A.B. asks: 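This is the structure, below, for whatever I ask next.
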Amino acid sequence: MLSCRGQNMGFCKWVSFIFLLLLPTLCNSSLNSKELAELTVNFLNSAKKQELVEWMVDVRRRIHENPELGFEEFETSKLIRTKLEDMGIPYKYPVAVTGVVGFVGTGRPPFVALRADMDALSMQEGVEWEHKSKIPGKMHACGHDSHVAMLLGAAKILQEHRENLQGTVVLIFQPAEEIGGGAQKMIEAGVLENVEAIFGLHSSTTVPIGVVASRPGPILAGCGFFKAVISGKGGHAAIPQQAIDPIVAASNVVVSLQHLVSREADPLDSKVVTVAKFEGGGAFNVIPDSVTIGGTFRAFSKESFSQLKQRIKEVIVAQAAVQRCSATVDFLLKEFPFDPVTVNNKELHEHFLSVASDMLGSHNVRDIQPSMGSEDFAFFTEAIPAYYFFLGMKNESRVLLERGHSPFFTINEDMLPYGAALHASLATRYLLEFHPSSLSPKGKINDEL
Ligand code: NI
């Protein structure tokens, strides 16, 4: 036995020094790369077992039948809690109104998080099938029902293999992704406290089944909305000189807004300004008092985003004034908080490539171009190192899938085992392979594009 008393002090200091040098290695995986790959394949085999597949399909269909909008996911949340209780997984509830946060593993650091969004869309389902939405005017048309099922599937795999967990996996079931605000509220409620990294996925109708796609750096755009009321003076359509026509003013505003991207933006810095709403007038022979326009704007850096926001306001007000109209501009922050840019951490990208390649084969792990779509997962990427990827469900030998937010959107349920296994593997291997301080600071929003 080594003694650190008396004359052995110097030797012990030396031993301690060597130990400290070895510490990062000791904290890393005790498994070699072959064993890590085997663990990953085992997780997929577990996820593909008929019993678990049927269980996930049942969860997904039950949520699909009872879609709930943002911050109203009470039944969905209840179902999640029941399933976690059945598995013996402790959780916190309520978090951000309807959110649930489960904990699998040692209950001690390090902590790594997995996130699923729970909310549906306010639209009528057009697909006739046994498990069609039972709630008129509400539908899971973005696959969030499947996201919940896959994270619960991952919880099952993690709980069954908890001896592999060198830390704790935090399961984040998040409300209100579609209307925005859910991720931000969860973060404000403290769900990321002590969490080192977080992973999220989205089903994709354009990526084949068994394939995943992502990229390091910015993957989804920052997103904002605007609404403007352009006011003139109503009057008889045949006597325009007695009126101040807001229709013509608003038309010029719409045209001028097109120049923000085409004439003011760097062509290599992707941006979008779309006017999607134009409301004014109700008769063929009456000039209305006012016109309301509204739309969205997107950009891939904080700077581009705030510049666009400022210019949208300036152009609307100034262009309306050219036609003697006044204008007010509202960025609707209360209803639709701005989504930041979703930025994937580069080290986590390497981790994703390694895990996904071990599970699916490297030819099934694809690069994807950034998209002008947005996600409130972006708030997580602003807060801590985070990673978001797309999970394929396209199967060309079957019916072609409609894109998300279509009333005819459907899910290829064959995707569920892949999502569950990837979630479970990304988290387990993160805890095995990453030392607490080995990640660079949070993925910063940058001008990479
Ligand atoms: Ni979605």
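Start at 1 and go down the list; that is how both ligands and their atoms are numbered. Any value given below was found using the heavy atoms of this structure, including those in side chains, with hydrogens, waters and symmetry copies removed. Worth saying up front: this structure is predicted, and the values here are computed from it rather than measured.
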A.B. asks: With Leu257, which of Val254, Leu260, Val255 fulfils side chain to side chain contact (heavy atoms under 4.5 Å, CB included)?
C.D. replies: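 The single option meeting the side chain to side chain contact (heavy atoms under 4.5 Å, CB included) with Leu257 is Leu260.
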A.B. asks: Determine whether Gln307 and Lys271 satisfy the following criterion, side chain to side chain donor-acceptor pair (under 3.5 Å), listing intermediate values before the conclusion.
C.D. replies: CA-CA 11 Å; Gln307 189 197 17; Lys271 296 179 188 175; 3.3 Å; yes
A.B. asks: Does Lys134 pair with Glu65 as a salt bridge, N-O distance under 4.0 Å?
C.D. replies: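 Glu65 and Lys134: salt-bridged.
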A.B. asks: Given the rule in the side chain to side chain donor-acceptor pair (under 3.5 Å) test, do Asp145 and His64 qualify, once you have shown the distances and angles that lead to the verdict?
C.D. replies: CA-CA 6 Å; Asp145 47 353; His64 190 87; 2.8 Å; yes
A.B. asks: Taking the six-membered ring of Phe331, is the NZ or CZ of Lys309 close enough (under 6.0 Å from the centre) and on axis enough (within 45°)?
C.D. replies: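 Here Lys309 passes the 6.0 Å and 45° test against Phe331.
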A.B. asks: Output, by chain and residue number, all protein N/O/S atoms separated from the Ni ion (ligand 1) by less than 2.8 Å.
C.D. replies: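 Per the 2.8 Å query on the Ni ion (ligand 1), atoms found are Cys142 SG, His144 NE2, His202 NE2.
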A.B. asks: Can you confirm if the NZ or CZ of Lys185 lies within 45° of the ring axis of Phe71 and under 6.0 Å from the centre of its six-membered ring?
C.D. replies: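 Output yes; distance and angle both within limits.
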